[in-house]
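A quick write-up on the structure given underneath.
Proteins come first, then strands; the chains are lettered A, B, ... in the order of their sequence lines, and each starts at number 1.
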Amino acid sequence: MGGVIVETEAYVPDDPASHSYGGPTARNATMFGPAGRLYVYRSYGIHWCANVVCDEEDVGAAVLLRALEPTHRIERMRSRRGVDDLTLLCSGPGRLTQALGVSGGHDGAALDGPPFELTRPNGRPDVVASPRVGITRGADRLWRYTQTGSTYVSRPRPRA
DNA sequence: GTATTGATCTTCT
DNA sequence: GAAGATCAATACA
């Protein structure tokens, strides 16, 4: 299963909104490990959210995957999610993990080998920066990145 | 169409 | 004891 990543948010240790703010805990240990791994955490007690750990210095930085444009094995993702609408399949961190079947067991898994695969886009994607979603602290940092014009982002029409 | 609320885990106060 | 990187169902206009 999979798709094109069309929405992400950045989190670094020096950031009140980040889980790594204030140092390691049992939950966020993966954020302080090697880059290129998956950090999965439980959100609001209900959902799973997936991040790509992205700092070589084991400092605690990651990128939250917020939305995909579904491209592979769409039927499988549909049956997992129980929805028909493609724009609702992966448009949000909790939805994305549910569609891909990612859960707490994948926390710390390496992304450079099976069952995962990450590839670069062709050329430079056209993205827009905007305020991050669902946070109250550090909201002034424009660290949410959405693909321009995509209808698969978690909030329609991010301001340009 | 917008607003409110329930589900319920981890951390912080 | 409260809040949070959320979603979906329900209640209201």
Given the [atom1] atoms of [N] and [M], what is the spacing between them in whole Å?
N: C:dA5; M: B:dA3; atom1: C1'; answer: 22 Å
N: B:dT10; M: C:dA8; atom1: C1'; answer: 22 Å
N: C:dA2; M: B:dG6; atom1: P; answer: 15 Å

Please convert DNA chain B into dot-bracket. A pair counts if it is Watson-Crick or G-U wobble with both distances under 3.5 Å; crossing pairs go in [ ] and bases paired with another strand get |.
|||||||.||||.
Pair A:Tyr11 + A:His19: ring centers closer than 6.0 Å
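Distance test on ring centres: not under 6.0 Å, no.
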A:Tyr21 six-ring face occupied by A:Arg137 cation (under 6.0 Å, within 45°)
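Checked: cation-pi criterion not met.
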To the nearest 0.5 Å, how far apart are CD in A:Gln98 and CD1 in A:Ile46?
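Result: 12.0 Å between the selected atoms.
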A:Asp107 side, atom CG; A:Met31 side, atom CE - distance, nearest 0.5 Å:
11.0 Å
Going by atom types only, do A:Glu7 and A:Thr146 share a side-chain donor-acceptor pair under 3.5 Å?
no
Is there a donor-acceptor contact under 3.5 Å linking the side chains of A:Arg66 and A:Thr8?
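Not at all, the side chains of A:Arg66 and A:Thr8 share no donor-acceptor pair under 3.5 Å.
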Are the side chain of [X] and the backbone N or O of [Y] linked by a donor-acceptor pair below 3.5 Å?
X: A:Ser20; Y: A:Gly60; value: yes
X: A:Asp85; Y: A:Thr87; value: yes
X: A:Ser154; Y: A:Ala67; value: no

Taking it one step at a time, do A:Arg132 and A:Glu9 satisfy salt bridge (charged side-chain N to carboxylate O under 4.0 Å, His left out)?
CA-CA 7 Å; A:Arg132 291 178 292 180; A:Glu9 282 178 6; 5.3 Å; no
Need one value for A:Ile135: base, sugar-phosphate or nothing, where a base atom within 4.0 Å counts as base even if backbone is also close, heavy atoms only.
sugar-phosphate
Out of curiosity, does A:Val63 fall in the hydrophobic cluster containing A:Val128 (side-chain heavy atoms, cut-off under 4.5 Å, transitive links)?
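They do not share one cluster, since no chain of ILVMFWY contacts under 4.5 Å joins A:Val128 to A:Val63.
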Within residues 40-55 of chain A, find the residues that approach DNA chain B with a heavy atom at under 4.0 Å, and present them sorted by residue number.
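Going residue by residue through residues 40-55 of chain A, the ones with a heavy atom under 4.0 Å of DNA chain B turn out to be A:Arg42, A:Tyr44, A:Gly45, A:Ile46.
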Upstream residue (5' side of DNA chain C) when A:Val83 and A:Val133 are each assigned their closest nucleotide:
A:Val133
At the 4.0 Å heavy-atom cut-off to chain A, mark where contacts on DNA chain C begin and end, going 5' to 3'.
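Endpoints of the contacted stretch of DNA chain C: C:dG4 to C:dA8.
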